[in-house]
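Input: a single structure, listed below in structure tokens.
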Amino acid sequence: MLKTLGAQVKEFKKDSIMTPIFMILEVIMEMIIPLLMASIIDDGVEKGDIRHICIVGGFMVLAALAGLFAGIMGGKCGANASAGFARNLRKAMFENIQTFSFSNIDKFSTAGLITRLTTDVSNLQNAYQMILRMFTRAPSSLICAMVMAFSINARLSSIYLVAVILLGACLFFLITKVNRYFRQVFKKYDELNASVQENISGIRVVKAYVREDYENKKFTTASQNVYKMFVSAEKIITLNAPLMQFTVYSCILGISWLGAKMIVVDELTTGELMSLLAYCMNILMSLMMLSMIFVMVTMSMASAERITEVLNEKTGISNPENPVTSVPDGGIVFNHVDFSYMKYSKESVLKDIDIAIKPGETIGIIGGTGSAKSSLVNLISRLYDVTKGSVQVGGIDVRKYDLEVLRNEVAVVLQKNVLFSGTILENLRWGNKNATEEECKRACELACADEFIEKMPDKYQTYIEQGGTNVSGGQKQRLCIARALLKKPKILILDDSTSAVDTATDAKIRRAFREEIPDTTKLIIAQRISSISSADRIIVMDNGRINGFGTHEELLKNNQIYREVYESQTQGGGDFDEKGGDR
């Protein structure tokens, strides 16, 4: 874990090294000042030597200025190092997340990843700065003060030693107790973030079903869980302050009492007693800082483990050695494929899929909810890897291709359409970043998206809100289809991507596909028979298996599932919107 996290210090190594050096210099200056003060009292004030007071006072001012400079530089370098470390952590995590396969993403919740990128990184940033500054300063100050105190009077200074041992034991006990709460609290943070994210993304549904009270209760419960965990931890931590105060005042009383007696018998001077009291405060303040450091480090350990988990996560899908860098054609072969989302699952989602699709064919896919239609097409662009068998594209196993090359040749319009904040043109150019405006307009014509774009005030410069909330479901689907067409792929997959458009528009889109991209293999997942009846062949899925594979006419004759779906959809005289109108 330390090696993984330490690798992210990178260009901030210099600041990370200079911070402890400046902190040690500050401590040295602070340790010199009580000695100079003792000299002023014993050799200047008591002897009435003004010259000595002025000279030593001048050295005290220089030492104070040097300490001030070291403190400022230590703070500056520490801030640079910790902020840079946090930046590198976020960047490394985000870049690694981009390499994750769908199976990796399934392992971490979205809310969990957000917590790791925000709260956990902030905790680690604060802990790193504290380690560089306080974890250097506190032990250095403690050791120097103890050495100085013992050099003045070993017998009196033994009070400090006893106090340090007792406090150390108490702190260890407190930290052990509080550690388990901090390990649990970040899981509760994940639940809190999940509640917020789910509510905000689905706010329209919440309001439509008047579920604000339910969502408030849900959030309150998650927030209360975080509160309870922190309160439990803080109850233990608060014992630290009174314990410290008790020790500080006990040491001051003990040293003052014994020191006064030693002054009377000339075993100690007044200046030395003043120095010992100053060192007393240094020692005990150092212990207090150490306790704060250990609390912060304990809390950040849970964050460090969670961040390391993301950084060390290896993608389940990676490029092979010497990958194939070109896709010959859009032919697809499923060779006795089994697939399950969980690696060691006994039950497969797809079972013995064995079909061949020719380049340029239009294939319809239909089946009930949960029949694994989406799972089937996700294997083509290698969003998941097969559990058994193989999937070939262009006669080559997809596992032999360079991932970027394969996915550039397989355009997928997913079941859940996603648009990003930006203009319509910027969203379209996700398909091809170098596409001209004319190419974008042509893709929109094929996807029947130009109809509504031209009616917008800013046309192709119209700004799309995050998630595409300012366009309808049908408009969003058509924009996503246009975006996919700009890739000019060898394989086009539409995963129920025309469900929100009327049948007339659906028919126009399918006709455009036939006429404009005849050489592209097209796989269309649909719930409406009308969307796939004109396909070259149709796959009927049932419970992860292929129940039928043939033309519309063949399936009507030979496949009971397909016939029942067809009859149920045509008994009422067809779709209500077959003359047009966006849903």
Using a cut-off of 6.0 Å, state whether more than 12 heavy atoms not belonging to [X] lie near its atom [atom1].
X    : atom1 : value
K218 : NZ    : yes
E404 : CD    : no
K91  : NZ    : no

**Asked** Is R87 paired with E11 through a side-chain N to carboxylate O contact shorter than 4.0 Å?
**Response** yes

Nearest 0.5 Å, what's the [atom1]-[atom2] distance between [X] and [Y]?
X    : Y    : atom1 : atom2 : result
L419 : L479 : CG    : CG    : 5.5 Å
I28  : C144 : CD1   : SG    : 6.0 Å
C54  : I40  : SG    : CD1   : 9.0 Å
F59  : I33  : CZ    : CD1   : 13.5 Å
E409 : L406 : CD    : CG    : 8.5 Å
I424 : Q461 : CD1   : CD    : 9.0 Å

Is a side-chain donor or acceptor of [X] paired with a backbone partner of [Y] at a separation under 3.5 angstrom?
X    : Y    : result
R429 : A435 : yes
T221 : K217 : yes
Q129 : N126 : no
S82  : A79  : yes
R90  : L117 : yes
N96  : E313 : yes
R407 : S381 : yes
D120 : S303 : no

Given side chains that start at C-beta, do those of [X] and [Y] come closer than 4.5 Å, heavy atoms only?
X    : Y    : value
L36  : M60  : yes
L5   : Y128 : no
L311 : L89  : yes
T423 : T462 : no
L486 : W430 : no
F246 : S250 : yes
N88  : V9   : no
N216 : F219 : no

**Item:** Residues in salt bridge (Lys or Arg N to Asp or Glu O under 4.0 Å) contact with E309, at least two apart in sequence or another chain
**Value:**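 Testing E309 for salt bridge (Lys or Arg N to Asp or Glu O under 4.0 Å), a comparison that skips the adjacent residues, returns R116.
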
Mind listing the closest non-hydrogen atom pair of [X] and [Y] along with its distance?
X    : Y    : value
L428 : R483 : O-CG, 3.7 Å
A304 : L124 : CB-CD1, 3.7 Å
A86  : Q125 : CB-OE1, 3.3 Å
K487 : G431 : CG-O, 3.0 Å
A81  : L132 : CB-CD1, 3.6 Å

**Message:** Walk me through whether E26 and F22 qualify under side-chain contact (heavy atoms from CB on, under 4.5 Å).
**Reply:** CA-CA 6 Å; E26 184 184 22; F22 281 122; over 6 Å; no

**Asked** Going through the distances and angles, do L62 and M29 end up as a side-chain contact (heavy atoms from CB on, under 4.5 Å)?
**Response** CA-CA 9 Å; L62 291 174; M29 293 300 106; over 6 Å; no

**Request:** Apply side-chain contact (heavy atoms from CB on, under 4.5 Å) to the pair L425 and E437, showing each step before the final yes or no.
**Result:** CA-CA 8 Å; L425 270 179; E437 189 168 338; 4.0 Å; yes

**Request:** Take V27 and I143, measure what side-chain contact (heavy atoms from CB on, under 4.5 Å) needs, and give me the verdict at the end.
**Result:** CA-CA 10 Å; V27 167; I143 293 167; over 6 Å; no

**Message:** Against D402, only a single residue in N322, N408, T325, N319 fulfils side chain to side chain donor-acceptor pair (under 3.5 Å); can you say which?
**Reply:** N319

**Item:** Listed once per pair and sorted, the side chain to side chain donor-acceptor pair (under 3.5 Å) pairs that draw on residues 51-80, sequence neighbours left out
**Value:** S39-H52

